[in-house]
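Here's the structure, in structure tokens; my notes come after.
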Amino acid sequence: MAVVFAVNGERFELRDGDDPGATLLDFLRSRTRFTGPKLGCGEGGCGACVVLLSTYDAAADEVSHAAAASCLTLAHGLHHRAVTTTEGLGNSRDGLHAVHERLAGFHASQCGFCTPGMCMSLAAALAGAEGKGTGPPPREGFSRLTSAEAERAVAGNLCRCTGYRPIADACKSFAADVDLEDLGLNSFWKKGDAHVSKLPPYKEGSIGAFPEFLKAEIRASLKIDRSASDMAMDGSESSWHRPRSVDEYYKLIASDGSGTKVVAANTSSGVYREAELYDRYIDLRDIPELNSVCKDTDGVHIGAATSISRVIEILRREGDDCKDVVFDKIANHMEKVASHFVRNTASLGGNLVMAQRDEFPSDIATILLAAGSSVCIQVSSEKLNVTLDEFLEMPPCDNKTLLLSIFIPHCTPDTVSSSAGTVNMAGDKTESSLLFETYRAAPRPLGNAVAYLNSAFFAQVSSDGSSGSLILENLRLAFGAYGTQHAIRATEVEKCLVGKPVSASLIVEACKVLKKTIVPKEGTTHSAYKSSLAVAFLFSFLYPATKGNVKPARAVRLNGDVASDTNGNPNCPHSGKIDVSLKEANCVKSGLSSDDYVLESCKQIVEISKDYLPVGIPTKKVGAELQASGEAVYVDDIPSPEDCLYGAFIYSTKPIAHVNSIELDPSLEQLKTVAVITVKDIPKGGGNVGANTIFGPESLFGDPLTQCAGEPLGIVVAETRNFANIAAKRAVVNYSTETLDTPILSIEEAIGRSSYFETPPFLLPQKIGDFSKGVDEADQKIYSAEVKLSSQHYFYMETQTALAIPDEDNCMVVYSSSQCPEAAQTNIAKCLGLPCHNVRVITRRVGGGFGGKAVRSLPVATACALAAFKLRRPVRMYLDRKTDMIMTGGRHPMKICYSIGFKTDGKITALHVDLFINAGMTMDVSPIIPHNFIEALKKYNWGAFSYDAKICKTNFSTRSAMRGPGEVQGSYVAEAIIEHVATALSADAKSVRQRNVHTVESLALFHSECMEDALGYTLPSICNQLTASANYQHRLEMIQAFNKSSQWKKRGLSFVPIVHKVSSRPTPGKVSILNDGSIVVEVGGIEIGQGLWTKVKQMAAFGLGQLWADQSEDLLERVRVIQADTLSVVQGGWTTGSTTSECSCEAVRRACGIMVDRLKPLKEQLQEKQGRVSWDELISQAKMADVNLSAREYYIPGASGSYLNYGAAASEVEIDLLTGATTILRSDLIYDCGQSLNPAVDLGQVEGAFVQGIGYFMSEEYVTNSDGLVISDGTWTYKIPTVDTIPRQFNVELLNSGFHKKRVLSSKASGEPPLLLATSVHCATRNAIAAARNKINCSGSGSSSLPSFFELEVPAIMPVVKELCGLDNVEKYLETLVGSK
């Protein structure tokens, strides 16, 4: 039976011969022209693949819409559905949709790879709000969404470039309640001139029109008597079955082999990335019992195939109808599960089965366990009703056990019996006698992150008339996700509590029992932290019920007022029903409530320069609309040539071993694998070269010896990408370790074995002064203090990719997502033994790079070209997210030891640093890291300064340059040293910073190669301006007052300056004028999202516009910047180091100057004859006069190629002492951008870099196993920032510091330096922790006091923060209370 569905209004069919395991994303990208949805993770965790799924209810004649992750949705499960991708909203030829235009106009797209998914998440929210809309239509141009809903529309979508603020603004521009003046910099209006009429118009009904032909087919299908024909139509040989009864299901599985997969929505494939192929699939969604919803007086029965989003709607509706606060709280908590585009398809039953069978850390299992839920299951012919506890304890379900429905009981006073009655202390009948709360601690407030621990508690409360105490009855305490097989009831704790008056001493006793109950299994990360969370949540639940903490007449109404979950956000709605001072114990929310704004306010201040128009104006990023509409072509969007094959890496899982053999799993013969390419397939005359830098080559394949887990060993080539990936994952590699030393898997081991790479002396900066003399001048000294810094994944949205196509005469064309096509050309040629002119590498755009698409892209392009060369067929490679994260290394881990001398007034007199850098197994560009680190460290005047640097060779995957390589770490260590000195002096760190900020004279000493005059050295004025504009002193006083009065939350404020050196590099530019006067520009720099093309386009228009002194000819729209091609523009170099945009601009400006010199005499001749000459006339005449209309220039910066960038940031955070969660309340940034070439582009770079820095310092935990193999290898285990984790108030000012004769039109770099400012968030967190520790020291005994100085790890994730605040802080607090009584 054919599967019929529509994509963007077009009809498509799938038949039995089609792969039943193909996802919708596979189908769209391989069988249609719609490549807008991107493969970002394959886990449903990033949102790059989001589409709109529409369903038609013929009986009601209604269409419903929902966002869905196309990477998880199976195409065969879409029968009679309509799919809309971003192309279906509109396009540049027929007209863009308002969603596209507003995202582009608010500068909300940089690399653009995530943008189609953002568009569809927003479009789904708009369509959903419209579908639920009641009452009058919204104002013209607006939707029915609120601002809070609009922000949440993209809460599950990841972006690595923008920092989210402009995306949130674009979303809020549709909100009915928005004040347009609050929205940020955009291309529609100037500040103070906002009006909806200036926005691209939005009309209801413009999203997700359901095709009439599909409606007709659906109506026709309903008239057919299916009862007799279904099995025949599906056929026993079919690969996709849709049983329409439970009996039919059991008939199908009676012949069940191991090759059958039972699915409802297939979202489990995002959790468990199976390397399996299935012969057939059984789709449960047409079984009526699994979709029914039945309500009665006892509760609601929900079919197991019901989507989680629909369950939320049902519970909300039922909660409102029945005044059941428990239903509402379950719904609120479920909104923190996964993301909206997963919840919309994921089934309730599927979640519970994963929890029961696969040890999935389910929130839903925990909260339903506490709610007293039960399930109806069928085992073969027997139907059983069992409690959820019993279901979870059963042996793991197989296909013979079918979960039919879930029953959630009502929890109202009428439905719960009470032996003690429901009487309050005044003796009156009470409104409620129930308490129900749910909690979770997770890295992200709005979900899309597995909890460290979740819990839910139900209690019936009665009042003891004689003592006035509250007594807990019918208690259910559920805990999950902490490293346990499944969610559990803490029955021993319940026994400890039931029937006893609630008191501090009883809670102490309960916590002791709880800690014996919540014992994570061996090997669980952060196990002590998870146990402490259980105590914190139980305390949050019980403490408000202790005697004296409840206002008498309201004791039993706590359920309406205690926050329902926990993550440490500060915004609990105020209620008079509980003492505010005590309510704080419960205000540990796991997310913002549904009507809270994610972002409170954001300001952007830019100064627009008109000296070099159109340079300097905040034009939209070139191609932003194309990126939004899915028309922008990335490497993997290029249509596959005929006979194209697909490659996937086989990588080592051992840190050091001999590779004896590589074989494919013999059970996978049906995978149509074509070949395994290894080192033996490198042609004669070629070499085993995977990458090459000025520091030397590295191998493409680790053969015969692999030196790290994650090193490529070979490539599987197959007929499809999925086949290649499965075969590679299941390849059998035979290793041996005889005669080999043990691997080096730490910096300490490398030091012990003197395993170092050499650092060329010319790369090491000069030392300053005499360290021993400086130490002698000091009043105080600190010796051998230590800082350790971990790695960071690039996590560009587009993983490493290449397409290699053999050409005539032994030539090869390679499309590579690379920051250095020229290096790829050279490397491929060396590997294949060809001259470079036989290898053509083309790069149009890159879906995010951050340094990871520089050297680390070379092995991918080279391997792809090798396979194509060997097989003489096109080959494409697109690394899956896991392989990419395992192979490509990341930021350099470091160990830093420092000794410092300082005066009592905070003036530092001497600093010595010993720097140890973990380079991994090969050198890459690691020799530049010490230079970068030391240059960034020199942002303060250290007096005498000396250092020693070692680059450690270890058996980890090679580390490479990542945005701000070395500088991020150096700048952070400078702040760590300042904080240490301040702590030693009991002084404010800001005063120590100010005491040691450079003067013009000391700056010249520390940065002698970047001469700066007093006018150019803007850092002191930036610092003064920022402290004034951010009300620093006043906020510091407010924070001190807050910390005194707040028991469970503390705030911190920190101020951080930066001095960041950048270096320009030689760059080519080529300008050509075509017959019609249109202009084509080529540059060596690559567009990776940083706006290089945009600035170059503006510069070309400016440069050629110099022919008209009055700037009367606007040439901007005539200019097109085209892709980099190594056989067209040579010496393209590397797009790294923040300066490629300005250098490309300067090369183009000079090329334009050559063209102007050629055209000027002709223009003057024509002017003499006819007066004014237009551009079209001039070019027409120039062509006839044989003027050369193409010019190339190679810009060489010369001695002035290095300069300093300045900026400062003040950040305020709030930490939750119960969970360790950190909320960034506010960040204020001022960054000196010189005279910005494009303020919109530079502002986006500043915000995006800062947020990426927040990820490094606060959330991105890079984890490896004992063999050095990366295990934080996907969206489930690695958490980059999301829209709900950026500063709530985010204020950025670009300082226009005027004329700089040595800069390109007085501009400065913006790509990397602002990332260093994110240190301010980490330092503020440290200050908040210090306040918490100080409180402990003040309240505790002297023997247990905590040291005043402590090292806060990077990243400062929740377990780290909580541990420093005291994992036992709840117990100590309770013991103090009990002791005082």
Could you pull out all donor-acceptor pairs under 3.5 Å where a side-chain atom in residues 117-128 meets a protein atom, sequence neighbours excluded?
| from | atom 1 | to | atom 2 | distance (Å) |
| --- | --- | --- | --- | --- |
| Ser121 | OG | Gly117 | O | 3.3 |
| Ser121 | OG | Asn157 | OD1 | 2.8 |
| Ser121 | OG | Asn157 | ND2 | 3.3 |

Check your understanding: Are any of the side-chain nitrogens in Asp169 or Arg165 under 4.0 Å away from the carboxylate oxygens of its partner?
Key -> yes
Review point. Between the side chains of Asn344 and Ser309, is a donor N or O closer than 3.5 angstrom to an acceptor N or O?
Key: yes
**Study point:** Ring centre gap for Phe27 and Phe12 strictly below 6.0 Å
**Key:** yes
Review point. What residue pairs, at least two apart or across chains, pass ring-ring contact (aromatic ring centres under 6.0 Å, His included) with a residue in residues 39-74?
Key: Tyr56-Phe210
Check your understanding: Does Glu631 come within less than 4.0 Å of Arg33, counting only side-chain N to carboxylate O?
Key -> no
Exercise for review: Enter the distance from Met334:CE to Glu313:CD here, rounded to the nearest 0.5 Å.
Suggested key: 12.5 Å
Point to revise | Spatial distance of atom CG (Asp286) from atom CZ (Arg244) [nearest 0.5 Å] | key: 4.5 Å
Review point. Do Glu798 and Leu39 come within less than 4.5 Å of each other through their side chains, counting heavy atoms only?
Key: no
Review point. Does Asn8 have any side-chain contact (heavy atoms from CB on, under 4.5 Å) partners at least two apart in sequence or in another chain, and if so, which?
Key: Phe34, Thr84, Thr85, Glu87
Check your understanding: Is there side-chain contact between Leu348 and Ile302, with at least one heavy-atom pair below 4.5 Å?
Key -> yes
Review point. Is any NZ, NE, NH1 or NH2 atom of the basic residue among Glu204 and Arg144 found under 4.0 Å from an Asp or Glu carboxylate oxygen of the other?
Key: yes
Point to revise | Set of side-chain contact (heavy atoms from CB on, under 4.5 Å) partners for Glu140, sequence neighbours left out | key: none
Review point. Excluding sequence neighbours, so at least two apart, what forms ring pair (Phe, Tyr, Trp, His ring centres under 6.0 Å) with Phe327?
Key: His410
Point to revise | Residues Glu13, Arg11: salt bridge by 4.0 Å N-O rule | key: yes
Point to revise | Partner residues of Arg160 under the salt bridge (charged side-chain N to carboxylate O under 4.0 Å, His left out) criterion, sequence neighbours left out | key: Glu1260
Revision key, fill the gap. Sequence neighbours excluded, the answer for side-chain hydrogen bond (donor to acceptor under 3.5 Å, both in side chains) partners of Arg310 is none
Practice item. Inspect the contact between Asp637 and Arg29 and indicate whether a charged nitrogen and a carboxylate oxygen are less than 4.0 angstrom apart. Key: yes
Check your understanding: Does a donor on one side chain and an acceptor on the other come within less than 3.5 Å for Gln627 and Ser109?
Key -> yes
Review point. Would you say Arg285's side chain and Gly77's backbone share a donor-acceptor pair under 3.5 angstrom?
Key: yes
Check your understanding: With sequence neighbours left out, what residues match Tyr281 under ring pair (Phe, Tyr, Trp, His ring centres under 6.0 Å)?
Key -> Trp240, Tyr278
Exercise for review: Check the side chains of Ser640 and Arg876 for a donor-acceptor pair under 3.5 angstrom, ignoring hydrogens and angles.
Suggested key: yes
Review point. What residues, two or more places apart in sequence or in another chain, satisfy side-chain contact (heavy atoms from CB on, under 4.5 Å) together with Val196?
Key: Phe142, Leu180, Leu199
Point to revise | Asp279 with Lys261: basic N within carboxylate O range, under 4.0 Å | key: no
Revision key, fill the gap. Across all chains, not counting sequence neighbours, the ring pair (Phe, Tyr, Trp, His ring centres under 6.0 Å) partners of Phe174 are Tyr202
Exercise for review: Please name all residues satisfying side-chain contact (heavy atoms from CB on, under 4.5 Å) with Ser30, sequence neighbours left out, ordered by chain then number.
Suggested key: none
**Study point:** Any side-chain heavy-atom pair of Tyr646 and Tyr878 under 4.5 Å
**Key:** no
Review point. Listed by chain and number, what are the ring pair (Phe, Tyr, Trp, His ring centres under 6.0 Å) partners of Phe113, not counting sequence neighbours?
Key: Tyr634
